[in-house]
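A short write-up of the structure that comes next.
FYI, side chains are in, hydrogens and waters are out, and symmetry mates aren't considered; it's all heavy atoms of this structure. Predicted model only: the values in this text are computed from it and were never measured.
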Amino acid sequence: KNGTRLLCDALASMSKIPKVLISASGINYYGNHTDRERIDEDSPAGSGFLANVCREWEQATAPAEQAGIRVCSLRIGMVLSPKGGALKKMLPAFKMGLGGRIGSGKQRTGWISIDDLIGIMHAALLDERWRGAVNAVASQPASNRELTRQLARVLRRPAIFPIPALLVRILFGEMANDTVLADLPVHSRRLVELGYELRHPKLEVALNHLLVKQPTRK
């Protein structure tokens, strides 16, 4: 938060201000919502540590916006990439056939392929319609059970070793409820309005693209 505020103060004080600032926030802005079927950009901020961090992070961009800079706050879902993030951490166990759902597996989360996230950022840089909050997520959130099943299918491995929620809470403490056990059924109304076409709208398509070696074209 302090770093973003310092940056935005500096941008606002420039004699020639930049046209746009993209702020990377997260879907944890909305908090844990097991009682909702859908969350989008119209939904209010949630409660909890990560929700508060995201809210304050976005508020720190106020000096830039007040100076006339177009600010787009991307609330980014779970980014799928074999080179980093949650997917990279999951891959070793799943490749050995030791993967499984976490807790009940019913908890949902908005996700986005790394390719689409880059595409969204590129569009946000160039298109003046992109301003305010935009949920950077695919068309449908995925449950942990679905993610487990699709990942195992793409890797052609079983996924029969669930991790109990109690063990997750022991390992991660209170943060477990805000992260791997959080229910975040996040959609993006704004991506539809802005006409952004997802390269990988479905989870299976995204995982196949990221993890299955593509044939070399001559």
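Under the side-chain hydrogen bond (donor to acceptor under 3.5 Å, both in side chains) criterion, the residue pairs touching residues 130-147 are Tyr30-Asn135, with sequence neighbours excluded. Residue pairs meeting the side-chain hydrogen bond (donor to acceptor under 3.5 Å, both in side chains) criterion with at least one member in residues 189-200, sequence neighbours excluded: Asp42-Arg189, Ser113-His200, Asp116-Tyr196, Arg189-Glu193, Arg190-Glu193, Tyr196-Arg199. Listed by first then second residue, pairs satisfying side-chain hydrogen bond (donor to acceptor under 3.5 Å, both in side chains) with a partner in residues 91-105 number zero, not counting sequence neighbours. Residue pairs meeting the side-chain hydrogen bond (donor to acceptor under 3.5 Å, both in side chains) criterion with at least one partner in residues 2-23, sequence neighbours excluded, are Thr4-Trp57.
With sequence neighbours excluded, the residues forming a salt bridge (charged side-chain N to carboxylate O under 4.0 Å, His left out) with Arg75 are Glu58, listed by chain and number. Evaluation of the salt bridge (charged side-chain N to carboxylate O under 4.0 Å, His left out) rule for Arg157 yields no partner, not counting sequence neighbours. Remark: Ala45 engages Tyr29, Arg55 in a side chain to side chain contact (heavy atoms under 4.5 Å, CB included) (not counting sequence neighbours). The side chain to side chain contact (heavy atoms under 4.5 Å, CB included) check on Asp178 picks up Phe49, Leu50, with sequence neighbours excluded. Not counting sequence neighbours, Asp115 has no partner by the salt bridge (charged side-chain N to carboxylate O under 4.0 Å, His left out) test. With sequence neighbours left out, Asn177 forms a side chain to side chain donor-acceptor pair (under 3.5 Å) with Arg169. Looking at residues two or more places apart in sequence or on another chain, you find a side chain to side chain donor-acceptor pair (under 3.5 Å) between Ser188 and Glu41.
The minimum heavy-atom distance linking Ala159 with Thr148 is given by the pair CB-CG2, 3.6 Å. For the pair Leu87 and Pro82, the tightest heavy-atom approach, listed with the atom from each and the gap, is CD2-N, 4.0 Å. Contact record, Val137 with Leu198: O-CD2, 4.2 Å, taken as the closest heavy-atom pair. A pairwise comparison of heavy atoms in Arg70 and Ala124 identifies NH1-O, 2.9 Å as the closest pair.
For the atom pair Ile69 CD1 and Leu11 CG, the distance stands at 5.0 Å (nearest 0.5 Å).
In terms of modelled atom types and a separation under 3.5 Å, the side chain of Asn208 and the main chain of Glu204 share a donor-acceptor contact.
Residue Leu171 shares its hydrophobic cluster (ILVMFWY side chains chained together at separations under 4.5 Å) with Ile102, Ile163, Leu167, Val168, Phe172, Val180, Leu181.
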Is there a side chain to side chain contact (heavy atoms under 4.5 Å, CB included) between Cys72 and Leu21 once you walk through the steps?
-> CA-CA 6 Å; Cys72 181; Leu21 170 68; over 6 Å; no
